[in-house]
Amino acid sequence: MDNELIQPHPEWRMINDPGAWGGDIPEYLVLGFSKGATQAGIYKKGKFEDIAFAGMRPRLTQALQALGALKVHETADEKINDPNSNIGFGSLIRCSVSRIDKKTSDKTGKDVYACTGPLITKSFKEIPHIIKKCSNKYLTSIPTSVKVVFFLGNTDSYVQSCQSLIKELFPRDFMAINPMAVKADNRLWIHLAHPSGLNGHFKTWLTANTGSGLKRIHAIDAMKNI
């Protein structure tokens, strides 16, 4: 049943509200981790087209332009709203998942759920069955037109977890390209900086050639393997 609330783990809750946007036969596929609180709220009250990466589309545009997936005159917004787009948009976990944020909950005196970086990292240990079930369903049936899958999020722990997942799904042809990219299932899987406003490293990733900017350089270099 759509929008059914499920408790897959004592610390986690999940809403059955899968969604995907953009083109059906894309060249690129952009995957967040899961719909966050902002996106899930729009799902309940707003238009379906407004859900994907709500509040972060300008920075998502910059990230995709940096990798050459968007031209300078193109935007993520227009691609998300175009069913014939050469870019598809979704998430590693198609449903909305969130974990109780103990620090915030302790301050407010009530349970507060969130889906942010440190909490997402816990998902691979606490709800691996959800990630495995969803990835087996969706990542193994990606259209053959997709040349590159972009994972949004490039912290070392998230990259390691996602690359281990891809290796498990496609062990026969898995090949490491560089710290931010692997090749498997006849396509590239590349990590980009998450465009969320909570990511304080985004500007450095986008403009610098040191620090987190090195991760952008690795991502760009990986594109040469298409």
Side-chain angles (χ1 to χ4, degrees), residues 20-34 36 52-82 84-92 117 120 135 138-139 142-163 165-167 170 174-226:
W21 297 262
D24 292 329
I25 310 176
E27 181 179 4
Y28 305 107
L29 179 61
V30 178
L31 297 179
F33 174 72
S34 172
F53 307 105
M56 59 185 83
R57 292 185 185 182
R59 299 217 305 185
L60 179 56
T61 293
Q62 291 178 305
L64 294 176
Q65 286 176 341
L67 270 291
L70 282 178
K71 298 177 182 178
V72 293
H73 63 277
E74 295 178 322
T75 68
D77 186 71
E78 65 186 47
K79 295 291 185 178
I80 288 170
N81 287 282
D82 180 5
N84 298 310
S85 168
N86 69 324
I87 306 180
F89 299 83
S91 50
L92 178 59
I120 288 172
S135 59
Y138 293 106
L139 297 189
I142 292 174
T144 56
S145 60
V146 176
K147 298 177 181 178
V148 183
V149 177
F150 294 116
F151 284 119
L152 299 183
N154 62 359
T155 62
D156 293 343
S157 58
Y158 188 63
V159 171
Q160 182 179 4
S161 295
C162 288
Q163 291 183 350
L165 175 65
I166 298 306
K167 187 174 184 178
F170 310 108
F174 178 91
M175 181 176 67
I177 301 297
N178 63 41
M180 289 295 110
V182 300
K183 191 165 188 178
D185 196 34
N186 202 33
R187 59 177 56 90
L188 295 171
W189 307 75
I190 301 176
H191 282 263
L192 309 184
H194 200 288
S196 168
L198 297 175
N199 181 5
H201 298 285
F202 184 82
K203 185 176 180 181
T204 302
W205 176 86
L206 189 66
T207 61
N209 293 324
T210 58
S212 61
L214 289 173
K215 294 183 177 182
R216 182 194 79 254
I217 293 173
H218 285 313
I220 292 173
D221 285 346
M223 293 289 284
K224 299 174 184 176
N225 292 274
I226 294 178

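The chain is numbered in sequence order, starting from 1.
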Participant: Does any N or O in the side chain of Asp82 come within less than 3.5 Å of the main-chain N or O of Lys79, such that one atom is a donor and the other an acceptor?
Facilitator: no
Participant: Mind checking whether Arg187 and Ile142 have side chains closer than 4.5 Å, heavy atoms only?
Facilitator: yes
Participant: Of all the heavy-atom pairs spanning Ala184 and Ile166, show the shortest one and how long it is.
Facilitator: CB-CG2, 3.7 Å
Participant: Contact between Leu92 and Leu165 at the side-chain level, heavy atoms closer than 4.5 Å - yes or no?
Facilitator: yes
Participant: To the nearest 0.5 angstrom, please state how far the CG atom of Asn154 sits from the CG atom of Asn199.
Facilitator: 7.0 Å
Participant: Taking atom CZ of Arg57 and atom CD1 of Ile80, what is their separation to the nearest 0.5 Å?
Facilitator: 4.0 Å
Participant: Between CZ of Phe33 and OG of Ser196, what distance do you get to the nearest 0.5 Å?
Facilitator: 14.0 Å
Participant: Under 4.5 Å between any side-chain heavy atoms of Ile87 and Leu70, yes or no?
Facilitator: yes
Participant: Does CD1 belonging to Ile226 count more than 12 external heavy atoms closer than 6.0 Å?
Facilitator: yes
Participant: Within this structure, what is the CE-CD1 distance for the pair Met180 and Ile220, rounded to the nearest 0.5 Å?
Facilitator: 13.0 Å
Participant: Shortest non-hydrogen contact from Phe174 to Gln163?
Facilitator: CE1-O, 3.6 Å
Participant: Which class fits the ring pair Tyr158 and Phe151: parallel under 30°, tilted 30 to 60°, perpendicular over 60°?
Facilitator: perpendicular
Participant: Do you know which two heavy atoms are closest between Gly88 and Pro26, and how far apart they sit?
Facilitator: N-CB, 3.4 Å
Participant: Which pairs with one or both residues in residues 200-214 pass side-chain hydrogen bond (donor to acceptor under 3.5 Å, both in side chains), sequence neighbours excluded?
Facilitator: Asn209-Arg216
Participant: Does Asn178, at its CG atom, have more than 12 non-hydrogen atoms belonging to other residues, nucleotides or ligands within less than 6.0 Å?
Facilitator: yes
Participant: With side chains defined as the heavy atoms from C-beta onward, is the minimum distance between Leu64 and Leu192 less than 4.5 Å?
Facilitator: yes
Participant: What are the two closest heavy atoms between Leu31 and Ser91, and how far apart are they?
Facilitator: CD2-N, 3.5 Å
Participant: With a 4.5 Å heavy-atom cut-off, do Leu67 and Met223 have their side chains touching?
Facilitator: yes
Participant: Over all heavy atoms of both residues, which pair between Leu152 and Gly32 is shortest? Give the atoms and the distance, please.
Facilitator: CB-CA, 4.3 Å
Participant: Nearest 0.5 Å, what's the CZ-CG distance between Phe53 and Asp77?
Facilitator: 12.5 Å
Participant: So do the side chains of Asn86 and Tyr28 get within less than 4.5 Å of each other, counting heavy atoms only?
Facilitator: yes
Participant: What residue pairs, at least two apart or across chains, pass salt bridge (charged side-chain N to carboxylate O under 4.0 Å, His left out) with a residue in residues 145-160?
Facilitator: Glu27-Lys147, Asp156-Lys215
Participant: Examine distances only and state if a side-chain atom of Glu78 and a backbone atom of Ser85 form a donor-acceptor pair shorter than 3.5 Å.
Facilitator: no
Participant: Indicate the atoms forming the closest heavy-atom contact of Gly22 with Phe89, along with that distance.
Facilitator: CA-CD1, 4.2 Å
Participant: Find the distance between CD1 (Ile120) and OG1 (Thr155) and round it off to the nearest 0.5 Å.
Facilitator: 8.5 Å
Participant: A side-chain contact here means heavy atoms from C-beta on lying under 4.5 Å apart; do Met56 and His194 qualify?
Facilitator: yes
